[in-house]
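Report on the following structure.
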Amino acid sequence: MKYAYFPGCSLHSMAAEYDHSVLEMCGRLGIEMNEIPDWNCCGASSAHSTNHLLSLAIPARNLSIAEEQGLDVVAPCAACYQRLVTVQHETRHDVKIKEKVNKVLGDRSYEAKNDVKSILDVLVDYGIDNLAAKVEKPLQGLKVASYYGCYLVKPPKICHVDDAENPMIMDKIMTALGAEAVQWPYKTECCGGSLLLSNPDIVLKLGRDILQVATDAGANCIVTPCPLCQPNLDTRQGQINSKYGTDYKMPIFYISQLVAIALGSHKNNMKLHKHLIDPTELLKVI
Amino acid sequence: MSIVNLSEIAERNAGFAAQVLEESGEDVRRCYQCGKCSAGCPVAFAMDYRPNRIIRMIQLGMREDLLNSRSIWLCGTCSTCTARCPRDVDLCRINDTLRVMAYREGIKSKVKNEVLMHDLFMKFILKYGRIYELGLALGMYMALPMNGIKDAGMGIELMAKGKLNLLPHKIKGAKELQQIAEAVKRLEAEE
């Protein structure tokens with residue numbers, strides 16, 4: 001398996017441990033990731049909040065470069081994935097939009113021939129049974145709340161998972177790794193990622209709700225494929241505890257960290273020291 | 001007491017709904033006000049007009065109220081409303097369109113911080129080709145010093161853990177992105 005790799009800005013700064021663990025995981029699975037040369041930001045929520053055509057053209061530049069390589073594109077960041085897959089969807093379904101995008105791209109062209117995939121798609125393509133067969137260190141003792149967040153699963157016409165309300169893909173992956181997949185009702189609730197810098201109080205409330213529901217369900221950790229959700233729940237946990245008088249110490253993992261550990265990567269190689277909530281004590285159970 | 005005929009008002013002000021349809025592809029006349037969008041919206045509690053009212057206001061042509069509302073900027077674009085709508089109205093996309101309209105017309109939102117965040121974000125993308133997280137955070141803290149004070153402790157921890165790059169990374173294609181933005185402006189001016 002071979003893909004064009006779009007890390008996105010978060011994976012090159014706040015979420016460096018996600019980037020690192022995705023590449024480690026893929027290396028162990030024999031999945032080749034070719035970073036898109038000179039990739040640019042996907043535009044995130046700011047581009048589509050201010051100009052629709054620009055919000056398609058900015059990420060289209062990346063897809064165009066990947067198309068030259070003849071590869072499908074993998075974007076581990078849920079927000080980047082949503083922006084890229086939106087471009088793919090709109091240009092495939094609307095000829096006029098495709099024309100306009102190509103017009104503003106100048107010398108480049110984008111035919112929407114390649115697919116855009118999330119990190120969950122990559123693991124599903126690999127095969128969850130095949131993944132289970134490669135597990136060297138089962139994650140027994142981990143009670144994992146699979147937190148998909150919103151961008152990877154919605155809107156359902158564009159972001160295709162098994163079920164936008166109660167997705168099970170990541171739960172099945174966690175079970176395949178030997179962990180217990182705790183069932184809880186907040187799998188796809190929004191953490192408020194896009195409001196982090198402008199309205200932090202809203203974000204703290206949403207984070208508190210998610211941590212509480214996961215705790216009530218008996219989870220001892222949360223796993224996510226989103227580099228907005230992870231820092232929101234991890235780095236803000238102290239502020240949530242101060243504001244609400246709670247005492248959460250919930251480790252928040254990236255999916256690739258847990259997959260790589262189960263495949264035999266050493267936990268010390270997962271850059272877990274970058275997390276504010278230290279998961280080392282919890283990982284002693286496996 | 002006077003009687004207000006909402007159907008008449010909606011008919012008289014149908015131009016706004018038509019404009020929203022033209023720009024977003026979404027027809028608000030489909031909405032039958034079940035309220036599922038508001039029930040599921042994670043930020044409805046903080047909004048001045050809840051999601052189902054946004055649609056009703058478009059139907060009634062309440063353009064100025066909506067483009068000046070907090071709601072359109074507080075929407076976190078999670079698409080839960082869209083996922084659950086039994087009438088297949090993509091409200092998340094409509095909110096995009098309302099934000100774009102307000103932004104284009106330079107309407108100073110009551111949620112100025114949101115507009116500032118998008119301004120800074122776009123500035124960094126077009127200048128460097130990638131987002132400069134530390135620059136974005138510092139820019140926002142200058143506008144919202146209280147948030148800066150609250151986040152100072154956490155910020156120090158993040159720096160200590162090497163989670164934030166001190167300097168921006170500029171891609172070779174940054175100029176290409178500026179040209180794309182210029183081309184978008186030209187194309188829109190022609191239309």
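Below, read A as the first sequence line, B as the second, and so on, with proteins coming before strands; counting in each chain starts at 1. These figures come from a predicted structure and were not determined experimentally.
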For [X] versus [Y], what's the shortest heavy-atom pair and its separation?
X: A:R61; Y: B:G173; value: NH2-CA, 3.6 Å
X: B:W73; Y: A:L195; value: O-CD2, 4.0 Å
X: B:F121; Y: A:C41; value: CE2-SG, 4.0 Å
X: A:S194; Y: B:M117; value: O-CE, 3.8 Å

By a 4.5 Å heavy-atom criterion (distance strictly below it), what part of [X] contacts chain B: side chain, backbone, both, or neither?
X: A:A47; value: both
X: A:K157; value: side chain
X: A:H275; value: backbone
X: A:L276; value: both
X: A:D209; value: neither
X: A:S55; value: neither

At under 4.5 Å between heavy atoms, what parts of [range] are in contact with chain A? List them by residue number.
range: residues 43-55 of chain B; value: B:V43, B:F45, B:A46
range: residues 146-154 of chain B; value: B:N147, B:K150, B:D151, B:M154
range: residues 34-42 of chain B; value: B:P42
range: residues 84-95 of chain B; value: B:R84, B:D88, B:R93

Do side-chain atoms of [X] reach the backbone of [Y] as a donor and acceptor pair under 3.5 angstrom?
X: A:D38; Y: B:K172; result: yes
X: B:R130; Y: A:W39; result: yes
X: A:K154; Y: B:T82; result: no
X: B:N165; Y: A:H12; result: yes
X: B:Q179; Y: A:G106; result: no

Considering only heavy atoms from C-beta outward, does the side chain of [X] approach that of [Y] to under 4.5 Å?
X: A:S49; Y: B:D96; answer: yes
X: A:K103; Y: B:L187; answer: yes
X: B:M122; Y: A:I58; answer: yes
X: B:H118; Y: A:S45; answer: yes
X: A:L197; Y: B:Y141; answer: yes

Leading residue by heavy atom contact count with chain B [cutoff under 4.5 Å; candidates [options]]:
options: A:E17, A:E165, A:E189; result: A:E165
options: A:L105, A:T235, A:N40, A:T50; result: A:T50
options: A:K271, A:R108, A:H273; result: A:R108

Side chain, backbone, both or neither: which part of [X] has a non-hydrogen atom closer than 4.5 Å to chain A?
X: B:I125; answer: side chain
X: B:M140; answer: side chain
X: B:E114; answer: both
X: B:L158; answer: side chain
X: B:E182; answer: neither
X: B:E176; answer: side chain
X: B:L144; answer: side chain
X: B:L177; answer: side chain

Enter the distance from A:Q82:CD to B:S79:OG here, rounded to the nearest 0.5 Å.
5.5 Å
To the nearest 0.5 Å, what is the distance between OG on A:S46 and CZ on B:F124?
11.5 Å
With the threshold set at 4.0 Å, does a side-chain nitrogen-carboxylate oxygen contact exist between A:K100 and B:E191?
yes
What I want to check is whether the side chains of B:Y132 and A:S13 have a donor and an acceptor closer together than 3.5 Å.
no
Taking it one step at a time, do B:T77 and A:Y151 satisfy side-chain hydrogen bond (donor to acceptor under 3.5 Å, both in side chains)?
CA-CA 8 Å; B:T77 69; A:Y151 290 149; 3.0 Å; yes
Count the heavy atoms belonging to other residues, nucleotides or ligands that lie under 6.0 Å from CD of B:Q33, then report whether that count exceeds 12.
yes
